[in-house]
Amino acid sequence: MARAAAPLLPFFFLLLSSTSPAANGQKNRLGLTPQMGWNSWNHFGCKIDEATIQKIADAMVDTGLAKLGYEYINLDDCWAAYNRDSQGNLVANASTFPSGMRALADYMHKKGLKLGVYGDAGLRTCSKLMPGSLGYEDQDARTFAAWGIDYLKYDNCNNQNISPLTRYNRMSEALMNSGRDIFFSLCEWGVDEPATWAGSMANSWRTTEDIKNTWESMTDNIDKSNKWAPYAGPGGWNDPDMLEVGNGGMTTEEYRSHFSIWALVKAPLVLGCDISSMTPETKEILSNQKVIAVNQDKLGVQGLKVQQDEDLEVWAGRLSGDRVALVLWNSGPTEASITASWSNIGLSPSAVVDAHDLWTDEVTSSVQGNLKKTVASHACKMYVLTPK
Ligand code: GLA
């Protein structure tokens, strides 16, 4: 079945974003490139505890992933006690995190990692198992800073129908006043088009509903995020949700497509599998330094879907050094040939480039006008094109 036709952004956006990346971001100067790390939700849901999180942190370092840039270890929902303490402070769940959050942050920092927590711009979080921060923004931001927390994912459940601009801005200011640099990851599910207003408040904002561990959900989320590309840039990123690579619901080629396209569109690379027991295939995907380098390119231009012929798609984005990142993506049921034309990907028709395949390391030398390749079903090919 053909993928739903997502809006193709006109080519001039590619040029526009190549010359003037949106000036975005919290005034904290974090997130100059998309955040990289791990989050507990996609694999563990509410079943998290101190030992599990420490094991993940150990694996992040021992597998070499930390060296590649994955630095945040983020707790999602269910880390805190059901109620605040008698002074109104958030406290860790004593049965699952008996040593508390300060100790967990110390554990991360000793390993060269960073610790993130999860909160909610409402009365209770989405699980309803812990309090939200609505009305407690300053107090909670001070608590996070005192614990040494480096990242806050801030959700949208039980929000009393108060405008998201009000609720998220309060926490944004509270974090800025907390005395600590805390990455602010806004999770409003794209409901009120946060790309259009979150740039001054947050370092990233969710553009979609929750990802599921399926091809349909993954492709749907990335299509929905496409139209917000012009709003992304150093300091503030569109977030089509965390990675499912390694969680078992898609094939290896589908996961390679998932990782490639997330990298190209400058999505946060927040891993969601159990990295302490990942397969060699999963590790190979998550460790591809050349693909990561596209995501972390300092120009910070979100790649776009620039060509679509039914199931055959071309995505591209400018990189520093006049290079272009390119993904040829086959969403169809059979192998097919895909041609990317220079006129669609921001290159002049006369440009001659070397095309470096980031997954096979093959180089196709001196290509002019277009690049044509055969791509297997549900697979992609990813290139960096370097002008001669
Ligand atoms: C919402 C968020 C998810 C996750 C869960 C936790 O659904 O969008 O990413 O944080 O809540 O309950």
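Atoms within a ligand are numbered from 1 in the order they appear, just like the ligands themselves. Bear in mind that the values here come from a model prediction, so they are computed numbers and not experimental data.
Set against the non-hydrogen atoms of W41, the atoms of ligand 1 under 4.0 Å away are 4 (C), 5 (C), 6 (C), 12 (O). Taking every non-hydrogen atom of C126 and a distance limit under 4.0 Å, the qualifying atoms of ligand 1 come out as 1 (C), 11 (O), 12 (O). Which parts of ligand 1 touch C187 is read off a 4.0 Å heavy-atom cut-off, strictly below it: atoms 2 (C), 8 (O). Counting the atoms of ligand 1 from 1 in the order shown, those under 4.0 Å from a heavy atom of R206 are 8 (O), 9 (O).
Looking at ligand 1, you won't find any N or O of D241 less than 3.5 Å from one of its N or O atoms.
Seen from the ring of Y82, R124 counts as a face-on cation partner, given the 6.0 Å and 45° thresholds.
Residue D155 touches ligand 1 through its side chain alone, judged by heavy-atom distances below 4.0 Å. Neither the backbone nor the side chain of C78 has any atom closer than 4.0 Å to an atom of ligand 1 (non-hydrogen atoms only). Neither the backbone nor the side chain of E209 comes within 4.0 Å of ligand 1, counting heavy atoms alone.
Between K111 and D58, at least one side-chain N (NZ, or NE/NH1/NH2) sits under 4.0 Å from a carboxylate O, which counts as a salt bridge. In this structure, D140 pairs ionically with R84, as a charged nitrogen and a carboxylate oxygen lie closer than 4.0 Å. Using a 4.0 Å cut-off between a side-chain N of Lys or Arg and a carboxylate O of Asp or Glu, D106 and K110 do not qualify as a salt bridge.
For atom 3 (C) of ligand 1, the closest heavy atom belonging to the protein is D210 OD2, 3.4 Å. The shortest contact between atom 10 (O) of ligand 1 and any protein heavy atom is with D76 OD1, 2.6 Å. Of the protein's non-hydrogen atoms, D77 OD2, 2.8 Å is the one closest to atom 12 (O) of ligand 1. The nearest protein atom to atom 9 (O) of ligand 1, hydrogens excluded, is given as K153 NZ, 2.7 Å; this is a heavy-atom distance.
Ring planes of H258 and W262: perpendicular class, angle over 60° (limits at 30 and 60°). Aromatic ring pairs are classed by plane angle as parallel below 30°, tilted from 30° to 60° and perpendicular above 60°; the pair F183 and Y151 is parallel. Below 30°, between 30° and 60°, or above 60°: for H378 and W215 the angle between ring planes is below 30°, a parallel geometry.
Checking each of D77, D120, D76 against S127 for a side-chain hydrogen bond (donor to acceptor under 3.5 Å, both in side chains) leaves exactly one that passes, namely D77.
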